[in-house]
Enquirer: 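One structure, pasted below without further comment.
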Amino acid sequence: MNRKQKNKLAIIISIIIILSIAIGLVLYALKQNINLFYTPTQLVNTKVSPNQNVRLGGYVEKHSVHYDASGESVSFIVSDQFHSLPVSYHGVLPSLFREGQGVVMTGKLNSQNQFNASEVLAKHDEKYMPPVLAKELNKQSEKKS
Amino acid sequence: MWHWLNQKFLAPKSFYANSAKLIPWIALAFALCFSYGLFAGLFIAPADYQQGDGFRIIYVHVPSAFTAMAIYFSMAVFAVFTLVFRVKVAAIGMSCSAKIGAWFTFLALITGSIWGKPMWGTWWIWDARLTSVLILLFLYFGFIALQSVIPNQQTRDRAGALMAIVGVINLPIIHYSVIWWNTLHQGPTLSKFAKPSIAPAMLYPLLAMIAAFLLFYALTLLLRMRNQILLREINSQWVAELIHE
């Protein structure tokens with residue numbers, strides 16, 4: 001590498017560094033807007049008006065899912081280990097929706113801290129395994145507890 | 001060393017001659033990886049405990065997303081060689097990569113969308129991962145548009161190279177988007193440091209498919225570059241001789 005080439009390389013590297021810092025600061029400032037949903041803890045601690053549409057995300061608590069008689073409405077509890085919120089929803093659930101699974105919902109929080117969802121999406125985790133293995137793991141975790 | 005490399009690969013003429021020897025081997029490796037990955041992914045890998053057979057779209061979705069990002073990275077590397085060392089072949093490799101990369105990004109978005117509708121319950125959501133991959137697609141479009149409006153070859157190469165380098169900042173954003181922010185898209189299954197959270201019988205076909213997609217990129221890239229070299233050097237002596245043969 002001669003001097004001219006070294007200079008050019010230095011310019012390119014400094015462009016990348018300066019741009020990354022700038023974009024990093026922008027993304028950091030917009031953190032709340034980029035986050036897709038509030039966790040129950042965040043939602044309880046933020047003041048949202050009852051008519052405001054917000055997204056709530058968390059885990060469906062085990063043994064908390066109840067369907068009404070017609071089977072069209074469902075209520076369950078969403079938690080993030082620290083706080084939990086009761087959710088009611090009227091409509092079709094995605095196929096990955098089940099107890100213990102992550103969900104992201106759009107809806108409104110009323111004054112009694114109940115969440116009325118207008119849309120429920122299932123959040124899939126990054127684990128992939130065959131059914132046999134899943135059963136085996138379940139057995140092990142039950143033994144432990 | 002530099003001189004040798006220049007003679008063997010970096011001069012358009014020798015690149016044209018030497019790439020011809022590489023192509024059959026790349027094609028063979030691609031055929032092996034692709035046929036194993038496809039067959040094992042569709043028939044040998046067990047169904048997922050939650051998603052059933054629906055998870056098999058992973059064998060197209062993850063490799064195309066990975067390849068789309070790898071192609072952009074390789075464009076940025078080509079761009080550095082274009083700007084700093086004035087390597088003609090690098091500029092050609094950079095512009096030939098763009099359309100392949102755009103198609104893989106499109107494929108990743110489409111397959112994700114098809115999977116998202118039944119699994120998540122929506123075709124599309126503006127979460128950080130999906131949005132940053134959409135930005136990658138627009139970066140490819142921008143690069144293609146930029147290069148197509150500049151008539152002068154040298155200016156076109158330099159402008160494209162600068163854009164490719166600037167856009168590379170999007171790559172870590174895509175990768176870490178699921179970690180930095182909360183998103184609907186799941187976290188990474190494959191990671192360099194941690195044990196992958198996918199059963200081995202499902203993992204091997206996935207790795208084979210990733211290798212196959214990368215080889216496919218290499219293969220189509222070489223073919224496109226050879227075309228482009230002939231086009232750019234159409235007035236030179238060796239191309240005239242080649243045509244006469």
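Quick note on labels: first sequence line is chain A, next is B, and so on, each numbered from 1. For clarity, every value in this text was computed on a predicted model and none was experimentally measured. Both backbone and side-chain heavy atoms feed into the values below; hydrogens, waters and symmetry mates do not.
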Enquirer: Quick one: CD1 on B:I125 to OG1 on A:T106, what's the gap to the nearest 0.5 Å?
Expert: 6.5 Å

Enquirer: Check step by step if side chain to side chain contact (heavy atoms under 4.5 Å, CB included) holds for A:H124 and B:F55.
Expert: CA-CA 11 Å; A:H124 184 251; B:F55 99 97; over 6 Å; no

Enquirer: Among A:L19, A:I15, A:I16, A:I11, who wins on heavy-atom pairs under 4.5 Å with chain B?
Expert: A:L19

Enquirer: Under 4.5 Å, counting heavy-atom pairs only, tell me which of B:V80, B:L203, B:L184 racks up the most with chain A.
Expert: B:L184

Enquirer: Using a cut-off of under 4.5 Å for heavy-atom pairs, which of B:L83, B:I165, B:T183 has the most such pairs with chain A?
Expert: B:T183

Enquirer: Is the number of heavy atoms from other residues, nucleotides or ligands under 6.0 Å of B:Y204 OH greater than 12?
Expert: no

Enquirer: Looking at A:R98, A:K4, A:R55, which makes the most heavy-atom pairs under 4.5 Å with chain B?
Expert: A:R98

Enquirer: Where does B:I58 contact chain A at under 4.5 Å (heavy atoms): side chain, backbone, both or neither?
Expert: side chain

Enquirer: At a 4.5 Å cut-off on heavy atoms, which part of A:V92 comes close to chain B: side chain, backbone, both, or neither?
Expert: neither

Enquirer: Does CZ belonging to A:F76 count more than 12 external heavy atoms closer than 6.0 Å?
Expert: yes

Enquirer: Is A:I23 close to chain B through its backbone or its side chain, or both, or neither, when contacts mean heavy atoms under 4.5 Å?
Expert: side chain

Enquirer: Does CD in A:Q52 sit with more than 12 non-hydrogen atoms of other residues, nucleotides or ligands closer than 6.0 Å?
Expert: yes

Enquirer: Over all heavy atoms of both residues, which pair between B:P118 and A:S95 is shortest? Give the atoms and the distance, please.
Expert: O-OG, 3.0 Å

Enquirer: Is the shortest heavy-atom distance from the side chain of B:W181 to the side chain of A:L27 under 4.5 Å?
Expert: yes

Enquirer: Please flag which part of B:I169 lies under 4.5 Å from any non-hydrogen atom of chain A: side chain, backbone, both or neither.
Expert: side chain

Enquirer: Heavy-atom count check: over 12 atoms from other residues, nucleotides or ligands less than 6.0 Å from A:Y89 OH?
Expert: yes

Enquirer: Main chain of B:N182, side chain of A:N35: is a donor-acceptor contact present, judged purely on distance under 3.5 Å?
Expert: yes

Enquirer: If you count heavy-atom pairs under 4.5 Å with chain B, which of A:L121, A:V103, A:I12 comes out on top?
Expert: A:L121

Enquirer: Check this for me: A:K8, atom NZ, are more than 12 non-hydrogen atoms of other residues, nucleotides or ligands nearer than 6.0 Å?
Expert: yes

Enquirer: Heavy-atom distance under 4.5 Å to chain A: side chain of B:M119, backbone, both or neither?
Expert: both

Enquirer: Looking at B:L162, B:T122, B:T131, which makes the most heavy-atom pairs under 4.5 Å with chain A?
Expert: B:T122

Enquirer: Where does A:K6 contact chain B at under 4.5 Å (heavy atoms): side chain, backbone, both or neither?
Expert: neither

